[in-house]
Each structure stands twice: as C-alpha cells, then as structure tokens.
2 protein chains.
Amino acid sequence: MSEDDRAVARERVIESMEQSAEVYGLSRSAGRIYGVLYFSDDPLSIPELVDQTGYAKSTISNVTRTLTRIGLIHRRSSAGGGRRVRYTAEREIWFILQDVFQQYVQREIQTTLRTIQRAQAQLPDDGETETERIEELQETYEDLQEIATLASDFTAAELRDALESYDR
Amino acid sequence: MSEDDRAVARERVIESMEQSAEVYGLSRSAGRIYGVLYFSDDPLSIPELVDQTGYAKSTISNVTRTLTRIGLIHRRSSAGGGRRVRYTAEREIWFILQDVFQQYVQREIQTTLRTIQRAQAQLPDDGETETERIEELQETYEDLQEIATLASDFTAAELRDALESYDR
DNA sequence: CTGTTTGTTCGGTACACTCTGAACAAACGA
DNA sequence: TCGTTTGTTCAGAGTGTACCGAACAAACAG
C-alpha cells in the first residue's frame, strides 16, 4: 500500500465533497477547499491552500470567507502572533449539517410562515378558496417549524435512537 | 373584505413560494407556476397557465415537465379525452418535502457513502491520517443514511411525536 | 526604511441557467 | 380536407455566478 494509493483515495473523497458542495448550494471550489482542510493534519494558510488546490489566491480568500461564515471551517487566529491566517476544517459533519439546516431550512420555514400568518390575519374566515388554502398551508408550516426546532436540539445518535425506538 | 384583498393575500403567498423554489434549487417560475396551481380550484392547462402567470408557453412546458418529474404537480391525463393536458398541484406539502428529500438528500448521502466505502476498501487499516479520516467519514455517513431511511417512513405528525416524546 | 509576504478588493472573462420566440408535430373542429 | 389549438423542441438573448489576475493595504524581516 503506497503513498500513491492513499492520495488516490483522498482525491476520490475530495471529488465527492466537491459534488456535495454543489448540492448544498456552494461552489465546487468550496468543496475542494473544505476537503483539503479536512484531510490536513495542520491548519493551512491561504498560500498553502493555493498550492494544494490550484485555485487563485483571490478565490481562496473569497471562499474561505463564506465557508467561515457558515461554520464549515474555522479561522485559527494566528497562533504564532503573525499575520498569517490559518484555517481548519470542522470535522463534525453533524454540526455542519445542523448549521446548514438552521441557516437555510429553518430560516426559510420561518419567513414563509410569517408571510402566511400575515396574509391570513388580513383575511376573514369566510370559507373562500384562498382563505382555506392559506389555512392549510399555515397548519403544515407550523408543524414543520415545530419539527425543525425539536430536531435541531438532537445529536445524530439521539435522533437515530428516537426514530428507531418510536412505537406508533 | 373584497375580492381584491384575497388576490393580494394570494399574491403574497405565491411570491413566498417563488422564493422557496429558489432555496430548493428550482427557478422562480417553478415557484409561481406551482403557486397558481396550488390556489386553483380546477386543473389548469398550459394556455391557462400562460394567461395566469405571464410566462411564455415554452417556459410553462419546460417547467411543468420538471415539476411533474419531481412530483410537485400532477398531470391529469385529459379527462375529456382531448389532447389538452391539465395540471394540478400536489397540496400535501409533507409528501413534497419527502420526495425532495428522497431525491436530493438521500441520493447524495448514498452516492457519497458508496465512494467512501470504495476508497476505504482499497486502503489498509494502517492508522495513517487519510485512512483514519475516511473511517470517521464513513461512520458519520452510515449514521446519516440510517436516519434518512428511518425518517422517510414517517408522517409529519409521527415525526413530531417521536421527537417530542423522546426521553434522553 | 525597503523589500517581501500575506490577505482583500475589484474589474473582467467564461460559462451555465432562465426565459423567450419561432418552428414544428399532433390532435382537434369545421 | 384545411385551419386552429395545444404541446414540445430548439437557437438565442439576457443575467447571474465562479474564477482569475492585477492592484492595493497591512504586517513582517532585513
């Protein structure tokens, strides 16, 4: 088993991360940068990421900013006191998914629900089609919000256990 | 309470659907078309959708195809025996979310897991960084797949109940 | 102080995606 | 049969996004 084989395996997984990134609405470069950091033993600076990914410095700078903002990677504020910024990957995938979930899904549910409630408040309960349909929507979204709120408090193991042990 | 007010409320909710569509990786037109169908009492044909949305015929044709493919709307195969195709909206939001979940998230988890497992199978258990990291990934994704599989069998009410009644 | 390294910002290019309008095929009504 | 309506397909216009290279600012080493 050579160093080469490990590199190949690593590359395959990183390519898979590139693809996942697209599914989650991020760019392919975001997937690769996260992947390189995921496998790196030490925190990496922007020039080092330029070397290992082949992307331009500006691309690394922009992508690391957004990845940091959504919590996929962390800024190690200069251990040596230098200016050099170094990044590490958040390796707890469950945390990442929870963050993404919170920032995209939960937020989406919340704003939609607010819109629905506001529209509903202006309409009388007159049994017209629009009113009825909006009411249906409201109920569904209230359920969804409840589920999302509850789920965000669970760890992966707890969630799995809760689903496995649930008796209908 | 005038017909006008109802139209305004309806329009607000449809705009919200346009936005949701973007979050789920669909076009704005998809959100509006779904919204118009959601509020319509009767199934609508493509020319009727052209009237009510203002989009070009070709746009309606293309978007209805993708919406049908992912199960957000249904093709009512010509009740009158005519050529006219008519569409209805799937109003059970929970079903829609389950479908989207199944087609995007579950699929993504599955292909990623396969890649990881294949990469892992080619590496010895030698305690090197790559091997270790890939092992971590594999465990996480196996958990995720289990959760996704379990969750796809639940109704919204069951899921909510399972989470609410779970005692850690 | 001067040259080097690091990181951010900005303008530009390449590309994908949405939507349109026109051309076309299929089914209908006269 | 011929004109009309419906639905699909295709090339192209317009738009947004990813990425790059250059210019710039900030901090360091000498």
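Every chain is numbered from 1, with letters handed out A, B, ... down the list of sequences. Values below: all heavy atoms of this structure, side chains included; hydrogens, waters and symmetry mates excluded.
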Query raised in the report: Counting any heavy atom closer than 4.0 Å, what does B/S27 reach on the DNA or RNA strands: base, sugar-phosphate only, or nothing?
Result: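 B/S27: backbone/sugar contact only, no base atoms under 4.0 Å.
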Please determine, for the side chain of [X], which listed nucleotide ([options]) has the closest atom?
| X | options | result |
| --- | --- | --- |
| A/A56 | C/dT8, D/dG21, C/dT20 | D/dG21 |
| B/K57 | D/dC20, D/dG7, C/dT20 | D/dG7 |
| B/P47 | C/dT8, D/dC19, D/dT6 | D/dT6 |
| B/R65 | D/dT9, D/dT8, C/dC19 | D/dT9 |

Query raised in the report: So, A/E142 versus A/Q138: side-chain donor-acceptor pair below 3.5 Å or not?
Result: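 Per modelled atom types, A/E142 and A/Q138 side chains form a pair under 3.5 Å.
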Respond yes when some side-chain nitrogen or oxygen of [X] is under 4.0 Å from OP1 or OP2 of [N], and no when none is.
| X | N | answer |
| --- | --- | --- |
| A/R28 | D/dC19 | no |
| B/S61 | D/dT8 | yes |
| B/S29 | C/dC19 | yes |
| A/R84 | D/dA27 | no |
| A/S58 | D/dG21 | no |

How many whole angstroms separate atom [atom1] of [X] from atom [atom2] of [N]?
| X | N | atom1 | atom2 | value |
| --- | --- | --- | --- | --- |
| A/E22 | C/dA16 | CD | C1' | 11 Å |
| A/I46 | D/dC20 | CD1 | P | 14 Å |
| B/N62 | D/dT6 | CG | P | 18 Å |
| A/R32 | D/dA18 | CZ | P | 17 Å |
| A/I33 | D/dA18 | CD1 | C1' | 11 Å |
| B/D51 | D/dT5 | CG | P | 13 Å |
| A/R76 | C/dG7 | CZ | C1' | 19 Å |
| A/R69 | C/dT8 | CZ | P | 14 Å |

Query raised in the report: Thinking salt bridges, do A/E15 and A/R28 make one under a 4.0 Å N-O criterion?
Result: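 The answer is no: the pair does not qualify as a salt bridge.
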Query raised in the report: Going by an N to O cut-off under 4.0 Å, is there a salt bridge joining B/E128 and B/R133?
Result: no
**Report entry** Derivation of the side-chain contact (heavy atoms from CB on, under 4.5 Å) call for A/L159 and B/Y166
**Finding:** CA-CA 9 Å; A/L159 187 51; B/Y166 180 68; over 6 Å; no
Report task. For the pair A/E135 and A/D125, evaluate side-chain contact (heavy atoms from CB on, under 4.5 Å) and give the outcome as yes or no after the intermediate values. Result -> CA-CA 9 Å; A/E135 239 165 58; A/D125 196 359; 3.4 Å; yes
